[in-house]
Structures are given as structure tokens and as C-alpha cells.
Student: 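Here's a structure for you.
Whatever order the structure lists them in is the order used to number ligands and atoms, beginning at 1. Numbers for residues simply follow the sequence, beginning at 1.
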Amino acid sequence: MKNLAIVGLQFGDEGKGKLTDTFAVDYDVIVRYQGGNNAGHTVYANGKKYVLHLLPSGIIHDHTLNVLGNGMVIDLEALAEELKPFDVSRIRISNRAHLIFPLHKELDRQQEEKRQHTIGTTRKGIGPAYQLKASRMGIRMASLLNLERFENELQELAEYYDYSFDVKSYVKTLTPFIKTIQPYIVDTTKLLHDLQKQGRSFCFEGAQGVMLDLDHGTYPYVTSSHPTPSSIAVDTGFPDQFVDRKLGIIKAYLTRVGEGCFPTEYEDDISRGIRERGHEYGATTGRPRRIGHLDMVMLQHAVRVSGANELAITLLDVLTSVPELNIATQYELDGKMIDDVPAHENDLVRVIPHYQTFQGWHEDLQHCQTIQELPLQAKTYLRAIQSMLNIPIRFVSVGPQREQMIRVQEGDL
Ligand code: IMP
């Protein structure tokens, strides 16, 4: 079994959770490598809806081991809540992952309020957690292995930030949970390498998407980690040369939650219909997602950055009844045509997208099991995406349930 990375090629919310759930059947170990509980992965399985923020989506499958890598930032209170329905022995947490405390959430709030242009963060303390990590002030999971040491470190941190916080009572409240997870806080890098030697297979589940990557996304309106698969090497200590398959996930249209430039955004009855049919409300914050046309300039950038070598298209069914589908193929900036994403927000905000238009369809796609069953217009739309990105589409999702997934055979498109 080839190791696999699942990567969002847009602004997150592409449906990575469903894809990870689909693949978890075949893989032994599912690994989250970056971000924290800013992510929200929704999975419909066993007649239930699961919304996962920190745990890899593989947790729903009993045979999997689920790893939270060193690149993650973890809020213990959130983890305690999320783990409740699951068997804790099925997770391993990197002893090098950083912790998020109420202090980080407070800093997140203050930074957002002070900025002239807010980022629209999830306010989960993600940015400040990575800030403290980079400034070598962070506290890592390893500290939890000695509660006295942990309490002292937390006290020092609170004093440094002049943050009034009852450290003793925070630690006391969390102590039973910390004791529960202590046996599972390990050197996950060594674990992954040992498991590889035993022939186990790995699926790496990215959170957010390439356009929210700290370096390659629409800076400064990005998250503070690296959702691109090349960060797997640093964020897990498992070299990415061992990750052969890089599955790029693309929603059949485009959404964004939070602030920041969005050249193909539109708001009318059609986009409102898409928002309702696609349940386009943030899984973490409940905010309505902004809706736009597919943006090939951004997608080509995301493919370059991620090295995606196969594609999955999700939520195709949501586009039923949209009369015409637009794909932005180039931007115009100050009278010049460009096909790369300007690095400066003030330039990106001024681009005029140029579109190629495709006919829509009226048929419900939710029962389609093969590409052949799709209406001609849907096939034409998929073929256009495939040829513009020059990567094969291997999966097409036509509904929220596990079964609503078309596996594309060679030559189908
Ligand atoms: P932060 O990650 O909370 O710092 O938020 C930074 C930006 O990333 C904001 O625009 C958030 O809305 C966005 N963001 C963070 N996590 C996700 C996600 O899982 N899906 C979509 N957007 C996200």
C-alpha cells in the first residue's frame, strides 16, 4: 500500500474528512500533522455525523492507529471533549506537539481587535501558539509527563505575559485527563519509523488548505501552519519521500471563511442556493462561508506548491441547477493578463478574473455511482478541471455519505 497525503488545494473545507474516512478502511495509521482545533472535519458514517477538530478522521474506524504529530498545536480542554466517545488507546500524541492554553486564546482575541484589518481567525489561539513556539516560549506535550514541572512552566509563562490565570486550578481540573493521555504521549517520529519497518501503511490528513498556508497562501489572511504535504517531513519527522500519493482535494466551486482576498467571490441567489445546498457554514465557528467560482489560477499555484499527483472533486452534486459554471482561467492586473497569484494582498484584491463558462445541469447526481451516469455537462466540467491541471481525477464525491463516491477508472474522463 502506497503512503498517502490528503491535501486541500483551496481555502480549507474541501471535504478532506470524508476522503480520509474513505481511505481509512485501507490504511493502518492516520496522521494529522499541522494546525489545531481551528480545523473542522465533518464525516457522516454509521448513520451519525462526526465533527472532528483535532483527532484524525481515521478514529471512526476501529482498526486504525491515530497520530497527532509534532507540528500540531493542541488545546487540552478541546482534546478532552473530543476524545470522549473514542478509545484513548487508539491515539498517540507527539511529545513535541505544542500546547494551547487560555492565554493563547486571549492573545488571539487581542491581536484581532488591535489589527487594522482583522484576519477573521477562529480565535482558538492557533496563531499565538505558533508565535510562542517560534519565540521558544511554548510548552510542549512532554511537559505533561511531570505534572509539577508542567505547573511551574505554566506559572512562568503566565507571569511572563502578565496574564492573570489560576494555574493551580487549571492544572487540577485537567489532571485526571492528563493522566489518561500520559501513556500515549510518545516520540511519534520514532513510532512512525518503527511502524514503517513493520510494513504498516500511512495516510496523512492535512487540515485547512494550500491557499491558507503561511508561506504559500494569501498572506496575511492565512493560518499559521503549513497545510502543504512537504511540511509532513518537519511536522512529523517522517520524510516526505516515503509519501508517494498526494491526493489534492478540490471542492467543485470555491468557499472561504474569514477575511481575505477572494477574486471569484459573488453573492446572489445562485451563491445563496449553493451555501444552503452545500451546508456552507464553518464546522468550527458556524460562520457562513463566502462562495465563489472555481479559480484555476489559485488551483494551479496550489498544485505547484503541493505536488499533488491525483485529484478528488467534492460536492459536485451541490452544483445541480446552477445554469452556468464559470472557471477563472487568468487574472487581469493593471491591464496585463497574468497566470500567477500576486503575493501582495493589495494587488490580489485588484485582479479581474477572466472566465471560461460551462453549461450547468439539472439532474440530481446523488445516486450516480459511475462517471458514465453523470450528465454530459458535469463530465465536461470535470474534464476541463482535469485538463487545466493536467492531473488525473480519481474520485468524485456526489453526496455526504461514504457510499456517494465515484471511483474514476482510467479512460472514464
Ligand atoms: P486561524 O487558523 O484560527 O488563525 O485563522 C486564520 C484563517 O484561517 C481564518 O481566515 C480562518 O477562518 C481560516 N481557517 C482556519 N482553519 C480553517 C479551516 O479548517 N477551514 C477553513 N478556514 C480555516
Student: Over 60° means perpendicular and under 30° means parallel, so tell me whether Y381 and W361 are parallel, tilted or perpendicular.
Tutor: tilted
Student: What orientation do F23 and F395 show, parallel under 30°, tilted 30 to 60°, or perpendicular over 60°?
Tutor: perpendicular
Student: Would you say V222 touches ligand 1, if touching means a heavy atom closer than 4.0 Å?
Tutor: yes
Student: At less than 4.0 angstrom from any non-hydrogen atom of F11, what atoms of ligand 1 do you find?
Tutor: 21 (C), 22 (N)
Student: What atoms in ligand 1 come closer than 4.0 Å to a heavy atom of L212?
Tutor: 8 (O), 13 (C), 14 (N), 22 (N), 23 (C)
Student: If we only count N/O pairs under 3.5 Å, is G12 in contact with ligand 1?
Tutor: no
Student: Provide, to 0.1 Å, the distance between atom 17 (C) of ligand 1 and the closest protein heavy atom, together with that atom's residue and name.
Tutor: Q208 CG, 3.5 Å
Student: Under a 3.5 Å threshold, yes or no: a donor from one side chain and an acceptor from the other, between T314 and K18?
Tutor: no
Student: Under 4.0 Å from a heavy atom of G120: give me the atoms of ligand 1 that qualify, with their elements.
Tutor: 9 (C), 10 (O), 11 (C), 12 (O)
Student: Given L107 and Q110, is the side-chain contact (heavy atoms from CB on, under 4.5 Å) satisfied, shown in steps?
Tutor: CA-CA 5 Å; L107 291 173; Q110 284 176 13; 4.2 Å; yes
Student: Using 30° and 60° as the class limits, which term best fits the ring planes of Y170 and F101: parallel, tilted or perpendicular?
Tutor: perpendicular
Student: Count the heavy atoms of every other residue, nucleotide or ligand shown that sit under 6.0 Å from OH of Y219, and state whether that count exceeds 12.
Tutor: no
Student: For N38, is at least one N or O under 3.5 Å away from an N or O on ligand 1?
Tutor: yes
Student: What protein heavy atom lies closest to atom 5 (O) of ligand 1? Include the residue and the distance to one decimal.
Tutor: T121 CA, 3.3 Å
Student: Below the 3.5 angstrom mark, is there an N/O of R287, backbone or side chain, next to an N/O of ligand 1?
Tutor: yes
Student: I want to confirm something. Looking only at heavy atoms, which of V257, T223, T285, T218 is nearest to atom 22 (N) of ligand 1?
Tutor: V257
Student: Taking L174 as the fixed residue, which of L76, L147, I181 is the one that meets the side-chain contact (heavy atoms from CB on, under 4.5 Å) rule?
Tutor: L76
Student: Are any of the N or O atoms of D13 closer than 3.5 Å to those of ligand 1?
Tutor: yes
